[in-house]
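Everything on this sheet refers to the single structure shown next.
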Amino acid sequence: MLQVKLPDGTIVDHPDHATAYDVASAISPRLASAAIGAVVAGQVTDILRPLSEATDERPVPLQLLTEKDPASLAILRHSCAHIMARAVMRLWPGVELAFGPTTGHGYYYDIACSHTISEDDFPRIEAEMQRIVDMGEPFERFICDREEALKLVDGMSQSLKVEHINTGLATHPTVSFYRQGEFVDLCRGPHIPDAKRVKAFKLLSVAGAYWKGDASGKQLQRLYGTAWFSQKDLDSYLDQVNEAKRRDHRVLGKQLNLFAISQEVGQGLCLWLPKGATIRATLEDFIKRELIARGYQPVYSPHIGRVDMYETSGHFPYYRESQFAPIFGHDAGALVDYWVRRLEALITDGTAFSPEDEKKLADSAKLMGMELADFPSNGTPTARKEFLRTWEKQQERYLLKPMNCPHHVQIYKAQQRSYRDLPVRLAEFGTVYRHEQSGELNGMLRVRGLTQDDAHLFVTPDQVLEEFKSTLELVKFVLASVGLNDYRVQLSCRDSKNKSKYVGTDEGWENAQNSLRKVLTEMQMPFVEREGEAAFYGPKTDFMVRDCIGREWQLGTVQLDFNLPERFQLEYVGADNQTHRPVMIHRAPFGSMERFTGMLIEHFAGAFPLWLAPEQIRVMSISDKFEDYAKQVEARFRAAGFRVTTDLRGAKINAKVRDAQVELIPYMLIVGGRDVENGTVSIRDRIEGDLGAMPLEAALTKLQNEVAERTIRQVSEKKFQQFDEAGEAANEY
RNA sequence: GCUAGCGUAGCUCAACGGCAGAGUACCGGUUUUGUAAACCGGUGGUUGUGGGUUCAAAUCCCACCGCUAGCUCCA
């Protein structure tokens, strides 16, 4: 007899080989048919798996999962990934399978297939999947030892699975498989009991992916799909996807003339059109006022700086590949730079660099006017490198600035600093340039030239906690000011297993990470820790902000840095008359103006609140007889600081109203004969519609109040079903 | 950077080897209007760029530039 303990504490007896399905059937047939999976001793597992096999614990703690449990969705989707893979294998023989995990909203399967799958193939694949679902075959689990498993997958010509068993699963004594009809796949599971449980599914897209995420590895095709327990859930999900599409900042940015990216200017270089620039300027003015109130000092620094400075900070060597190439004063600059890198590769890992090739470089350099009489041609590679490095440092070498911090460090160093001066808080909307990979560029969200709402705080070690705390408060405040109150904080730490990616000492890192934990805990801000997400010079707290349709964006960041002060030998004189080293805090509440504005466009679906709207008010005349009055109204509002225009076209009022609605203007002031007589305006709210006539000054006061309070009225017009992250189930193999 | 798909009027799209078109925007005129589209007329194109195939190329082929999705990356 096997004793099973249900969630309410009841103990029930079952035969030794009983499964969760048997237990469910004994409770009620209806429960049995609703059961998708089971949690046995805390592990999600199949309902058809013998309970005694799944755990040694007695009585067996069992919880049944039905469609209502979020974990069930992950099981369903992973099973649907198998069904999709099976369908693809039926349609195109010779398919090799890689991984097929679930994602937040669905699943994918990576495959190697000689046929290039396109969206045109989706109906065929979906039809084949439907046939498999209709057959309703069970998913059967079985276990093999390593040898059997290798034989099995090799026999099915699944070379990627062979490789995975030999590498990723090298330490597993046994591995599990799932069989469904002719389809057998190496898989950790769990799975739904049978294919009939799939009630609604859809293929979403196909794209490239790399085997095991390695860009130098094999290119695979990744098929994305989603699956739900009802057609209604699927439709609701697709609605949400369409809503996100409707809000696309690239589309709205074009329609509303907010920004443009021109092929002629260059990839990833954003042109802020007057309306977009107005939004940005309003945000910047708001932040600047706030910073002054909080003791920050404005600074400005140039857009380029000497490469040496970025070698000192570490940015140049660390991010070499994603920076614009340096600007060299000497014609041979780029050549010598290449030469040095070849010598470095030769020194560090013996990468071949023939004397003939080096001679060619030397000859070319001479031709370009470089003096090489003293070059130690017969010296060691290190000696040759040092000669060239010395030459390089004597030349003009500038870098388009990829980061503001080294410049702000120089501003700190421009004066002698006393402990009485600290904290020194230097703020700048600093524009930086990064040569992001072309495939990464995306509207305003990922660009090559961006302006950070940057600041660097130079503090004494005693001030770290307090200053860090107040910067977090600032981030919270500015996010709240644009109505973003739903966010979580991520503490991004160093990867403890791969320390070579970071600069500084173990002690410094521990110290910094502990400080951040302490502040977040004291402020009662819930946070999740992520290893390997830190900047190379220090740990970060990143704000992951959720917008009104539930998507998450990484925006603001606050970072603690013990390393740059060390590298730049920063100092202040303490009360003890000794020199001490300050600590730096890097922070950007919005991140970059480009990314933040792009995100806001999508959050508000282009309909900005009054205080941010580029065109706040449009005055429209009923006919040209009232043109003068309309102009008077416009002048009154403009004098009061509003961004106001007039529509004096010979069109009907209906047309003028429609255009203003489409352009998402917050308020329309309609003026006709009655208004001229009574000194009123007829006010129309973009959201509420006609508000009737109001004395001019009353309308002015109403709108002034709305601006002063930065009222936000336009979000959450539509409530979307929240889709819980179903979690990464069953993706180990 | 990689894989796949896509580039036609300012914008949205049609034409898919045989005369490059529609809606909208824009310009001119008529209309003088009270809360989501009045009417008439007109301008606008070396079909992303360069090469090739063909009697003939927006259409087929090649290269480059750019965009999109995903991967990889993100100080």
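Numbered from 1 within each chain, the chains take letters A, B, ... in sequence-line order.
- Classification of A/K631 and A/E634 as a salt-bridged pair fails, no side-chain N sitting under 4.0 Å from a carboxylate O.
- Residue A/Y224 is in sugar-phosphate contact alone, with no base atom involved, counting any heavy-atom pair closer than 4.0 Å across all strands shown.
- Closest to the side chain of A/Q437, out of B/rC73, B/rU35, B/rC2, is B/rC73.
- Within the structure, ring-ring contact (aromatic ring centres under 6.0 Å, His included) pairs that include any residue of residues 645-682 of chain A do not occur (at least two apart or interchain).
- Taking only distance into account, the side chain of A/Q219 meets the base of B/rC2 through a donor-acceptor pair shorter than 3.5 Å.
- Annotation: the span from A/I549 atom CD1 to A/E243 atom CD amounts to 5.5 Å, rounded to 0.5 Å.
- A donor-acceptor contact under 3.5 angstrom links the side-chain atoms of A/Y210 to the base of B/rG1.
- B/rC16 and B/rC11: their P atoms are spaced 23 Å apart (whole Å).
- Across B/rC19 and B/rA58, the matching P atoms stand 10 Å from one another, rounded to whole Å.
- Distance, A/D120 CG to B/rA4 P: 15 Å, rounded to whole Å.
- At whole-Å resolution of the value, CE in A/M620 and P in B/rA37 are 13 Å apart.
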Next on the checklist: Across nucleotides 60-69 of chain B, 5' to 3', mark each nucleotide with B, S or - according to how protein heavy atoms within less than 4.0 Å reach it.
Outcome noted: -----BSSSS
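- Place A/G692 and A/C405 on RNA chain B by their nearest nucleotides, and A/G692 ends up nearer the 5' end.
- Distance check: A/R397 CZ to A/M309 CE gives 12.0 Å after rounding to the nearest 0.5 Å.
- No contact: A/S313 has no heavy atom under 4.0 Å from any strand.
- The shortest non-hydrogen separation linking A/P326 to A/R320 is CD-NH2, 3.9 Å.
- By the 6.0 Å and 45° rule, A/R222 stacks over the aromatic ring of A/Y108.
- The line from CE of A/M599 to CZ of A/R247 is 10.0 Å long, rounded to the nearest 0.5 Å.
- Using a 4.0 Å cut-off between a side-chain N of Lys or Arg and a carboxylate O of Asp or Glu, A/R649 and A/D647 qualify as a salt bridge.
- Between A/K540 and A/E533, none of the side-chain N atoms (NZ, or NE/NH1/NH2) sits under 4.0 Å from a carboxylate O, so this pair counts as no salt bridge.
- Annotation: ring pair (Phe, Tyr, Trp, His ring centres under 6.0 Å) contacts of A/Y502 (sequence neighbours excluded): A/W509.
- The structure places CD1 of A/I653 at 7.0 Å from OG of A/S621, a figure rounded to the nearest 0.5 Å.
- In RNA chain B, consecutive stretches of 3 or more Watson-Crick or G-U wobble pairs with both distances under 3.5 Å are given as paired ranges: B:1-7 with B:65-71, B:10-13 with B:21-24, B:26-30 with B:38-42, B:48-52 with B:60-64.
- B/rC2 and B/rC60 have their C1' atoms separated by 27 Å, given to the nearest Å.
- Remark: aromatic rings of A/F458 and A/H408 are distant, center separation not under 6.0 Å.
- The side-chain heavy atoms of A/I622 and A/D675, taken from C-beta on, include no pair separated by under 4.5 Å.
- Where A/L691 and A/H435 meet RNA chain B, the nucleotide closest to each residue was compared, and A/L691 sits on the side nearer the 5' end.
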Polar pairs (N or O, both sides) under 3.5 Å between protein and nucleotides 30-34 of chain B?
residue : atom : partner : partner atom : Å
B/rU32  : O2'  : A/K625  : NZ           : 3.0
B/rU32  : O2   : A/D624  : N            : 3.2
B/rU32  : O2   : A/D624  : OD1          : 3.2
B/rU32  : N3   : A/D624  : OD1          : 3.3
B/rU32  : N3   : A/D624  : OD2          : 2.9
B/rU32  : O4   : A/D624  : OD2          : 3.2
B/rU33  : O4   : A/G650  : O            : 2.4
B/rG34  : O6   : A/G673  : N            : 2.5
B/rG34  : O6   : A/R674  : N            : 2.7
B/rG34  : N1   : A/D675  : OD2          : 3.0
B/rG34  : N2   : A/D675  : OD2          : 3.0
B/rG34  : N2   : A/S682  : OG           : 2.3
B/rG34  : N3   : A/R674  : NH2          : 3.4

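- Spacing between B/rG10 and B/rG18 at atom P, rounded to whole Å, works out to 24 Å.
- Between A/Y318 atom OH and B/rC73 atom P there is a gap of 11 Å when expressed in whole angstrom units.
- Note on A/R713 versus A/D685: salt bridge recorded, some NZ/NE/NH1/NH2 to OD/OE distance being below 4.0 Å.
- Closest to the A/R434 side chain, of the nucleotides B/rC74, B/rA36, B/rA4, is B/rC74.
- Distance CD (A/E436) to C1' (B/rC73): 8 Å, rounded to an integer number of Å.
- For the C1' atom pair drawn from B/rG45 and B/rC26, the interatomic distance equals 16 Å after rounding to whole Å.
- A/E264 comes within contact range of no nucleotide atom at all, as no heavy-atom separation falls under 4.0 Å.
- Distance noted for atom C1' between B/rU24 and B/rA37: 11 Å (whole Å).
- As judged by a 4.0 angstrom heavy-atom cut-off over every strand, A/R684 is placed among the base-contacting residues.
- Nucleotides B/rU47 and B/rC6 have their C1' atoms positioned 14 Å apart, rounded to a whole Å.
- Protein atom CD1 of A/I111 is 18 Å distant from nucleotide atom P of B/rG70, rounded to whole Å.
- When rounded to the nearest whole Å, the span between CD of A/E321 and P of B/rC73 equals 14 Å.
- Within residues 531-542 of chain A, the residues approached by RNA chain B to less than 4.0 Å at the level of any non-hydrogen atom are A/A535, A/Y537, A/K540, in residue-number order.
- At whole-Å resolution of the value, CD in A/Q255 and P in B/rU12 are 9 Å apart.
- The distance between atom NZ of A/K501 and atom P of B/rC73, rounded to the nearest whole Å, is 9 Å.
- Here the separation of B/rG48 from B/rG7, taken at their C1' atoms, is 6 Å to the nearest Å.
- Judged by distance alone, the side chain of A/D454 and the main-chain N or O of A/H456 form no donor-acceptor pair under 3.5 Å.
- As judged by a 4.0 angstrom heavy-atom cut-off over every strand, A/Q559 is placed among residues touching the sugar-phosphate backbone only.
- Residues A/V633 and A/V644 fail the side-chain proximity criterion, which asks for heavy atoms closer than 4.5 Å.
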